[in-house]
2 protein chains.
Amino acid sequence: MHSGRVVSRSADSSNGHGTSRVPASAAGSDPSRRTSGTVDAVSLAIIEQLQEDGRRPYAAIGKAVGLSEAAVRQRVQKLLDQGVMQIVAVTDPLTVGFRRQAMLGINVDGDLEPVADALDAMKEVEYIVITAGSFDLMVEIVCEDDDHLLEVINKRVRTLPGVRSTESFVYLKLKKQTYMWGTR
Amino acid sequence: MHSGRVVSRSADSSNGHGTSRVPASAAGSDPSRRTSGTVDAVSLAIIEQLQEDGRRPYAAIGKAVGLSEAAVRQRVQKLLDQGVMQIVAVTDPLTVGFRRQAMLGINVDGDLEPVADALDAMKEVEYIVITAGSFDLMVEIVCEDDDHLLEVINKRVRTLPGVRSTESFVYLKLKKQTYMWGTR
DNA sequence: CGTCACATCTGCGGATTCCGTGACTCGGAA
DNA sequence: TTCCGAGTCACGGAATCCGCAGATGTGACG
């Protein structure tokens, strides 16, 4: 399986590093120095449990991390509300009908935002990152077939104002796919 | 957030459930099993439901897709067994302590497999794809800080036998992250 | 040093959900 | 026609979920 890159909710991740925000009053002082401070060891352990199985019962998780069922429930809810994690089904694009995928390296003239926003609006674009290096943007595209892929790249991406050039990397084989962060 | 590839996400929601399981080979990533073509429209609808909320009750899903609770239960179980999908927690690397990420384009001399396997063994490597284009492999790396990233790229990847050259694309900002296939 | 505010955890029922089981129906393939 | 996979319906006990008090702990403040 595989799939998109996970993430978090867009609202908070906008920039600066994102640590996700907490409600209003809670955080006492300044957030800048500890991105990791948001999640303590116990919550990390809970996340680990849910990375193994997103539907594991709260009681079982509690037993594993040393908390009561109710406490686990509260923490999970908070982690979800804060956007620290999400519990979802992930699929393998191939088995669901998307047989062509590609990574696109893009170079832009001027401001990247307009281009990034336009790409954001395309449903075939699964992933967008602004990078430092010989490409300004790297995007992952998931299509149904070659015609579809060609249309997206040639007709929709390369014609966007600001796009100077693109380079395609068609996926031949997905070798690894993980999604276990706090887990190590 | 972002990160691995996978999938789905949704607004918020939650719920739970779960089985647990362990080791490395969870359903999804390994075999060459091509269950292709095996997913009909109804199962797709079920997957869609679970992409919105991995813990949604079977009865609710049934109501949404027009099947009985029992039928949904059977299908979900089969989809999981077949490795068509997985229900897991996905997190935002940044909030869990990983502040440096990068995409690496790699060129190899000779057989790609040995190199891919070696990369596969590295825990910092989150994603590996064999591609057609000016790079033979593209891998996503998730690290704690710059030192960590440097060590991985310079000391561990570039020294692998067969690796001819690498090009790094350090992530400046994750702009989009999705994971909803059957969903469109 | 008390006290209030707030966050978190534990217990505890009641409502839901999960899940195996058995009976019957409905095409499609042999 | 018969066999078989897949669904539906119904059941009922076990397990899970979920809201709601107390109990506890800590930091801020007078």
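The sequence lines fix the lettering, A, B, ..., with proteins before strands; numbering per chain opens at 1.
Rounded to an integer number of Å, the gap from Lys63(A) NZ to dT16(D) C1' is 13 Å. In this structure, Ile87(B) places its CD1 atom 11 Å from P of dC18(C), rounding to the nearest Å. Atom pair Gln77(A):CD and dG19(D):C1' shows a separation of 13 Å (rounding to whole Å applied). With rounding to whole Å, Asp81(B) atom CG is found 12 Å from dC19(C) atom P.
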Treat primed atoms plus P, OP1 and OP2 as sugar-phosphate and everything else as base, then score nucleotides 5-12 of chain D 5' to 3': B for base contact with protein heavy atoms under 4.0 Å, S for sugar-phosphate contact only, - for none.
-SSS----

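In this view, Asp117(A) and Lys175(B) satisfy the side-chain hydrogen bond (donor to acceptor under 3.5 Å, both in side chains) rule, not counting sequence neighbours. In this structure Glu69(B) satisfies the side-chain hydrogen bond (donor to acceptor under 3.5 Å, both in side chains) test together with Arg73(B), sequence neighbours excluded. When the salt bridge (charged side-chain N to carboxylate O under 4.0 Å, His left out) test is applied to Arg164(B), the partners found at least two apart in sequence or on another chain are Asp109(B). Looking at residues two or more places apart in sequence or on another chain, you find a side-chain hydrogen bond (donor to acceptor under 3.5 Å, both in side chains) between Arg75(B) and Asp40(B), Ser43(B).
The aromatic rings of Phe135(B) and Phe169(B) stand perpendicular to each other, their planes meeting at an angle above 60°, with 30° marking the opposite boundary.
Asp136(A) places a side-chain N or O within donor-acceptor distance of the main-chain N or O of Val108(A), the cut-off being under 3.5 Å.
Comparing the start and finish of the helix from dC1(C)-dG30(D) to dA30(C)-dT1(D), five pairs each, the helix axis swings through 30°, to the nearest 10 degrees.
Under the 4.5 Å side-chain criterion, counting only non-hydrogen atoms from C-beta, Tyr171(B) is not in contact with Arg99(B).
For the residue pair Asp53(B)/Gln49(B), the side-chain donor-acceptor check at 3.5 Å is not satisfied.
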